[in-house]
2 protein chains.
Amino acid sequence: MPRRRRDAPRAVTIADVAREAGVSRATVSRAINDSDLVTAETKRTVEEAIARTGFVMNARGRALATGRAETVGVLVTEPLDELFDDPTYGRVLRGIAEGLTGSGFLPVIVQASSESERALALRSFERRSVDAVVHLTPYRGGDLLEALAGTGLPVVLCGQLVDSPYEGVFSTVYSDDVRGARLAAERLVADGRERVAAVLGPADNPATVDRRRGYAEVLGARLDEARTVHTGWDSTGGFSATAALLETHPDIDAILAGSDRIALGALAALRAAGRRVPDDVAVIGFDDHAIAANASPPLTTIAQPLVEEGQLAARLALEMIAGAAPRTEILPMRLIPRTTA
Amino acid sequence: MPRRRRDAPRAVTIADVAREAGVSRATVSRAINDSDLVTAETKRTVEEAIARTGFVMNARGRALATGRAETVGVLVTEPLDELFDDPTYGRVLRGIAEGLTGSGFLPVIVQASSESERALALRSFERRSVDAVVHLTPYRGGDLLEALAGTGLPVVLCGQLVDSPYEGVFSTVYSDDVRGARLAAERLVADGRERVAAVLGPADNPATVDRRRGYAEVLGARLDEARTVHTGWDSTGGFSATAALLETHPDIDAILAGSDRIALGALAALRAAGRRVPDDVAVIGFDDHAIAANASPPLTTIAQPLVEEGQLAARLALEMIAGAAPRTEILPMRLIPRTTA
DNA sequence: CTGTTAGCGCTTTCAT
DNA sequence: ATGAAAGCGCTAACAG
């Protein structure tokens with residue numbers, strides 16, 4: 001039989017409590033789990049014994065017996081440095097934590113950017129170290145998704161996949177990019193803007209595709225193909241793309257940016273070109289990052305309900321753990337009017 | 001006896017492999033764990049059976065039998081939003097992940113900013129869901145540290161505590177703030193700066209105390225009390241503190257900043273006041289964040305070996321899991337010369 | 001309502 | 001070198 005670790009004093013177990021309380025281990029277990037198969041009386045006796053012995057339940061024994069670890073893994077495949085660059089994830093993470101409180105389940109963030117880390121994380125999932133997985137960054141790495149499906153664990157994706165290939169397999173929660181884009185576009189129309197440009201994120205990103213669609217639906221001819229460009233998500237991309245755009249299309253009177261960081265770059269480029277915002281050119285960002293409110297001038301933008309997204313993801317995970325079928329939830333975006341449009 | 005979860009197909013266990021391979025479960029276990037009590041021959045037989053059955057070890061059974069979960073908890077008590085504001089943690093986290101690779105242990109980040117989350121995390125630790133805890137942010141909350149000590153788990157603190165009250169109880173790893181501060185100060189002395197100011201972080205922060213000491217040791221009378229001020233860690237604090245300082249002490253020719261963000265604020269204040277950097281006033285930051293290199297002008301600063309800190313913390317945790325006594329490691333800082341000093 | 005008993009999946013001593 | 005058997009700490013079906 002296994003020997004105990006080193007000379008650590010043996011931990012108090014449910015058996016000790018049972019002896020102390022003068023009941024069976026089963027009764028102690030029931031009392032602990034607040035079953036209504038025990039009298040309030042007995043429950044109290046057990047509680048006192050627990051207090052006297054200083055018993056704390058061992059998670060491993062319980063996990064083995066119940067088949068649950070009472071944890072949900074939050075999978076993050078971005079390198080942590082980049083992850084920490086982007087406040088988006090922090091908000092979603094907070095939502096997940098909030099959505100889990102009260103359930104007894106604990107979120108454990110599993111970081112897996114390198115190939116070896118991914119393998120490790122996957123193995124840990126296969127071994128059932130967690131009861132469900134919330135995938136924060138499902139865009140990259142189709143094989144990872146395939147492997148996740150292979151684990152048989154409940155999986156929730158935070159973010160939309162093109163063609164939703166895993167519908168019915170994974171749950172998904174994301175914000176309605178098309179609708180959000182429409183909100184921005186409608187604002188510009190109401191404002192009488194006629195020659196709109198779009199400085200979007202990478203063309204292969206599903207969010208980009210949807211936003212572009214939303215813009216187009218509302219703006220029609222007001223948003224010309226030629227005035228639609230793709231760049232990286234950060235301000236550098238926004239700056240250079242906008243600068244180039246101002247060369248070729250000096251007559252634009254509004255810019256729809258793919259992210260707040262892009263918008264900040266655009267703002268800088270406009271300033272450099274001597275355009276006034278919003279008088280000459282209106283600018284609307286996307287995301288409502290902290291930088292949007294603090295920008296000068298404060299940036300009008302579209303807010304994604306990130307915290308709510310996290311909360312919902314947590315709830316979907318719990319649902320699936322309880323046996324529910326996977327489902328997809330789409331959350332609404334909001335226009336945050338500030339000064340740039 | 002417990003019923004299996006829903007109608008999930010029963011997972012392949014070690015018993016199935018044993019049957020398939022025609023050996024006992026004990027032998028399978030030995031083969032898996034690469035014991036040298038099994039012939040290479042038998043080992044191969046077992047491996048084939050594993051491949052055929054698709055067996056993956058169940059972490060819970062193993063954890064119960066061995067008394068280890070093969071995970072180390074990374075405790076984070078900052079609200080995630082703030083955490084994600086500060087690239088510091090990302091780097092340390094990366095180091096921890098790196099330091100753990102190959103050990104078979106998995107880092108699980110446990111976020112516990114609210115009181116209830118802290119209680120949850122603590123309970124999970126007491127229940128032995130992890131084998132050790134690395135505490136990323138040990139400055140706040142003395143009762144949490146007390147509670148951590150109470151768990152009896154191996155604990156590694158990333159960061160220095162004043163008076164190191166937990167020496168001999170927790171392991172600690174941190175960078176040598178005194179030495180780092182001396183490096184910065186020495187640079188200014190070599191540069192012939194005579195009227196140095198210090199715009200430091202909060203006075204009650206142990207890092208601040210040490211840095212201030214390092215500055216004082218080297219600069220002596222060159223750093224006057226009256227030119228030493230405390231503010232928050234961010235650029236806003238740096239800006240206003242520096243602006244105020246320039247009012248009362250217009251003759252300063254160097255600024256030692258408590259963080260790179262403070263330094264950026266200082267840079268802005270100097271620019272606003274019409275001072276040239278480094279011609280009129282030299283500036284040295286602290287941390288070597290990404291913003292330091294990208295600042296204009298690029299910021300001379302002191303680099304903390306954050307990734308190494310994380311690696312070391314991981315190693316200390318593994319050591320203690322293996323039974324080693326807690327110990328403290330202090331890492332050296334480096335001056336990163338750029339253009340501001 | 002409570003106790004008895006049989007597991008959950010794995011490891012390890014002991015005997016061979 | 002291998003197998004039998006006894007746990008690790010907890011839960012839950014079953015019988016009373």
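The chains referred to below are lettered A, B, ... by the order of the sequence lines, with proteins before strands, and numbering in each begins at 1. Heavy atoms only: backbone and side chains are in, while hydrogens, waters and symmetry mates are out.
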Report yes if at least one side-chain N or O of [X] is closer than 4.0 Å to OP1 or OP2 of [N]; otherwise report no.
X: B:Thr27; N: D:dA1; result: no
X: A:Thr13; N: D:dG9; result: no
X: B:Ser29; N: C:dT11; result: yes

(Q) For a quick check of understanding: with a heavy-atom distance under 4.0 Å over all strands, which category does B:Arg62 fall into, base, sugar-phosphate or nothing? (A) sugar-phosphate
(Q) Once you apply a heavy-atom cut-off of 4.0 Å, does B:Val28 come out as touching a base, just sugar-phosphate, or nothing? (A)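 Here B:Val28 touches no strand at all.
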Minimum-distance nucleotide to [X] side chain [options: [options]]:
X: A:Ala65; options: C:dG3, C:dT11, D:dC10; result: D:dC10
X: B:Phe55; options: C:dC10, C:dT4, D:dG3; result: C:dC10
X: B:Thr39; options: D:dA1, D:dC10, D:dG3; result: D:dA1

Q) Taking A:Thr172 for the side chain and A:Leu157 for the main chain, is one N or O donor matched with an acceptor at less than 3.5 Å? A) no
Starting at [atom1] of [X] and ending at [atom2] of [N], how long is that distance when rounded to a whole Å?
X: B:Leu37; N: C:dT12; atom1: CG; atom2: P; answer: 11 Å
X: A:Glu41; N: C:dC1; atom1: CD; atom2: C1'; answer: 12 Å
X: A:Asn33; N: D:dT11; atom1: CG; atom2: P; answer: 5 Å
X: A:Ile50; N: D:dC10; atom1: CD1; atom2: P; answer: 10 Å
X: A:Arg25; N: C:dG7; atom1: CZ; atom2: C1'; answer: 11 Å
X: B:Lys43; N: D:dA1; atom1: NZ; atom2: C1'; answer: 11 Å
X: B:Glu70; N: C:dG9; atom1: CD; atom2: P; answer: 18 Å
X: A:Asp36; N: C:dC1; atom1: CG; atom2: P; answer: 8 Å

Q) Are any of the side-chain nitrogens in A:Arg327 or A:Glu329 under 4.0 Å away from the carboxylate oxygens of its partner? A) yes
**Q.** Salt bridge flag under 4.0 Å for residues B:Glu98 and B:Arg94
**A.**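 Answer for the salt bridge query: yes.
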Q. Per the atom types in the model, does the base of D:dG3 pair as donor or acceptor with the side chain of B:Arg30 at under 3.5 Å?
A. yes
**Q.** Note, A:Leu106 side chain near A:Leu100 side chain (heavy atom, < 4.5 Å)
**A.**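 No, their side chains stay 4.5 Å or more apart.
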Q. Would a 4.5 Å heavy-atom cut-off, applied to side chains only, mark B:Thr13 and B:Arg25 as touching?
A.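 No. Closest side-chain heavy atoms not under 4.5 Å.
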(Q) Here's a test of your reading of the structure: between B:Leu64 and B:Thr42, which maps to the more 5' nucleotide of DNA chain D? (A) B:Thr42
